[in-house]
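These figures come from a predicted structure and were not determined experimentally. Throughout, protein chains are lettered first and strands after them, A, B, ... in sequence-line order, and every chain is numbered starting at 1.
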Amino acid sequence: MRPVALVDCNNFYASCERLFQPRLRGKPVVVLSNNDGCVIARSNEAKAIGIAMGAPWHLSKETFKRHGVIVRSSNYTLYGDISRRVMRILSTFTPHLEIYSIDEAFLGLEGFGDRIEGHARDIRRTVLQWTGIPVSIGIAPTKTLAKAANRLAKRGNGVSLLMTTDAQSEALAQLKLTDLWGVAGRMEKRLAAIDITSPLQLRDADVHVLRQHAGVVIERMALELRGISCAGLLELVPQAKSIMCSRSFGRAVTARRELEEALSTYAERAAAKMRRQDLATSTIQVFVTTNPFKAQETQYTASTTITLPVATANSTKLVKAATTALARLWRDGVRYKKAGVVLLDLVDARTVQADLWTSPDLPRSLRLMQAMDKLNAVYGRETLSLASSGRKVAWALRAEKRSLRYTTDWNELLRVA
DNA sequence: TCTGGGGTCCTAGGACCC
DNA sequence: TCTGGGGTCCTAGGACCC
């Protein structure tokens with residue numbers, strides 16, 4: 001069995017703040033989200049006081065003051081920098097590293113045999129010595145079990161090994177369902193409906209029943225808890241599947257012009273982020289919501305998707321699409337609290353070329369159908385994707401299969417067929 | 001008055017096609 | 001014009017994670 005280690009930085013943002021301000025050591029520290037909205041990190045001392053993750057700052061100010069809690073605004077540049085240092089150190093301990101988040105990484109640790117726990121302690125000591133960041137390490141045959149092991153490592157002495165069934169059973173007996181990676185409130189309720197209320201019950205449940213009543217995600221989780229790996233290490237950074245830019249507003253927005261400006265800005269920022277990754281998009285989604293915390297107010301959440309005939313990385317086009325999308329979503333008299341832009345269907349920008357032509361009103365004739373069938377027969381269904389918007393219909397012939405460019409030229413498609 | 005932002009994966013339901 | 005089954009694709013929304 002190949003052991004997987006999960007290395008997790010303890011209270012990462014709070015620990016980062018402490019590196020540069022030693023006076024914060026031993027004191028309750030919390031880090032706040034953008035706009036100082038709510039708590040996103042807590043030191044152990046802050047947790048001990050009972051400060052909850054996500055606690056809204058404006059409702060907690062007085063409590064914090066009473067307990068002498070030190071409050072910091074978040075500094076993502078700093079956290080990103082320290083994260084890179086930690087990851088670089090981890091990479092010297094194994095060739096198999098998956099950076100899972102800013103403060104966590106999975107490590108493949110095969111080949112250490114009995115020395116694995118000592119190796120984990122080395123990793124821990126080195127990271128602490130070279131960066132000042134304390135980490136916890138959980139080791140097990142699967143990622144889900146490694147996550148559980150990590151939780152116990154945090155309660156104990158920093159390293160927890162769950163390589164045998166006995167150790168796993170004993171560990172799972174100490175955890176709640178919601179301690180597991182992937183189970184939160186909703187899933188807990190759904191599982192309770194089929195009489196599963198503990199991690200051990202979940203592990204030992206009939207997978208068919210799980211699949212039917214709780215879905216494939218939970219089915220896989222049960223297998224992972226048994227030591228059967230359903231998710232390997234992702235050592236190569238996968239291409240992004242979506243890029244988002246969204247914000248909550250400081251106060252409710254009711255003017256259309258204001259919302260339009262915000263969405264234009266988000267579209268531009270998302271496009272810039274996309275270009276940095278050498279990607280292009282043909283699908284832009286816009287969403288708006290009211291304030292869900294004001295239960296007495298009328299709620300409105302909506303999103304809509306615009307499909308462009310061709311993938312683009314052009315800000316102007318995306319801003320225009322976002323504006324069109326807003327026109328669909330806009331309702332007078334709504335108090336908007338949050339809005340955002342999501343870019344989907346990302347493709348490598350270098351494969352998309354601009355020389356395209358779109359028929360303004362292509363009829364869905366019999367010829368079109370026949371041509372489609374022929375093209376599908378020759379190149380397979382995957383080679384063609386239909387991009388349609390209203391009455392406009394265009395065909396894109398994928399670059400890698402047929403030619404080096406996308407085309408929407410109807411006559412050219414007929415020639416190919 | 002003040003409750004984050006950026007992601008992934010899955011599923012239900014409708015549109016559309018043969 | 002009606003009937004209908006089987007299948008795919010798309011969209012919106014849910015749930016979860018850090």
B/S/- along nucleotides 11-18 of chain C (protein heavy atoms under 4.0 Å) is SSS-SSSS

Rounded to the Å, how far apart are [X] [atom1] and [N] [atom2]?
X        : N     : atom1 : atom2 : answer
A:Asp36  : B:dG4 : CG    : C1'   : 11 Å
A:Asn35  : B:dG5 : CG    : C1'   : 10 Å
A:Met244 : B:dG7 : CE    : P     : 6 Å
A:Asn291 : B:dC2 : CG    : C1'   : 10 Å
A:Lys294 : B:dT3 : NZ    : C1'   : 11 Å
A:Tyr266 : B:dG7 : OH    : C1'   : 18 Å

Using a heavy-atom cut-off of 4.0 Å across all strands, would you classify A:Gly340 as base, sugar-phosphate, or nothing?
nothing

With sugar-phosphate meaning primed atoms plus P, OP1 and OP2, does A:Leu32 contact a base, only sugar-phosphate, or nothing at under 4.0 Å between heavy atoms?
nothing

Would you call [X]-[Y] a salt bridge at under 4.0 Å N-O?
X        : Y        : value
A:Lys154 : A:Asp8   : yes
A:Arg251 : A:Glu258 : yes
A:Glu261 : A:Arg257 : yes
A:Glu104 : A:Lys147 : yes

Which one, B:dC9, B:dT3, B:dG5, comes nearest to the side chain of A:Arg220?
B:dC9

Any stems for DNA chain C, made of 3 or more Watson-Crick or G-U pairs in a row, each with both distances under 3.5 Å?
B:5-18 with C:5-18

Test item: A:Arg247 side-chain N/O and A:Ala339 main-chain N/O as donor-acceptor pair under 3.5 Å
no

Do A:Gln299 side-chain atoms and A:Lys294 backbone N/O form a donor-acceptor pair below 3.5 Å?
yes

OP1 or OP2 of B:dT3 sitting under 4.0 Å from any side-chain N/O of A:Ser33?
no

5′-ward residue of the pair A:Lys61/A:Ser246 relative to DNA chain B:
A:Lys61

Heavy-atom nearest nucleotide on DNA chain B for A:Gly215 versus A:Tyr76: which residue maps closer to 5'?
A:Tyr76

With C1' as the reference atom in both, quote the distance from C:dG4 to B:dC16 in angstrom, rounded to an integer.
15 Å

Would you check if the distance from the ring center of A:Tyr100 to the ring center of A:Trp181 is below 6.0 Å?
yes

Hey, what do you get for CD1 (A:Ile51) to OG (A:Ser43), rounding to the nearest 0.5 Å?
8.0 Å

Taking the six-membered ring of A:Phe106, is NZ or CZ of A:Lys143 closer than 6.0 Å to its centre and within 45° of its axis?
yes

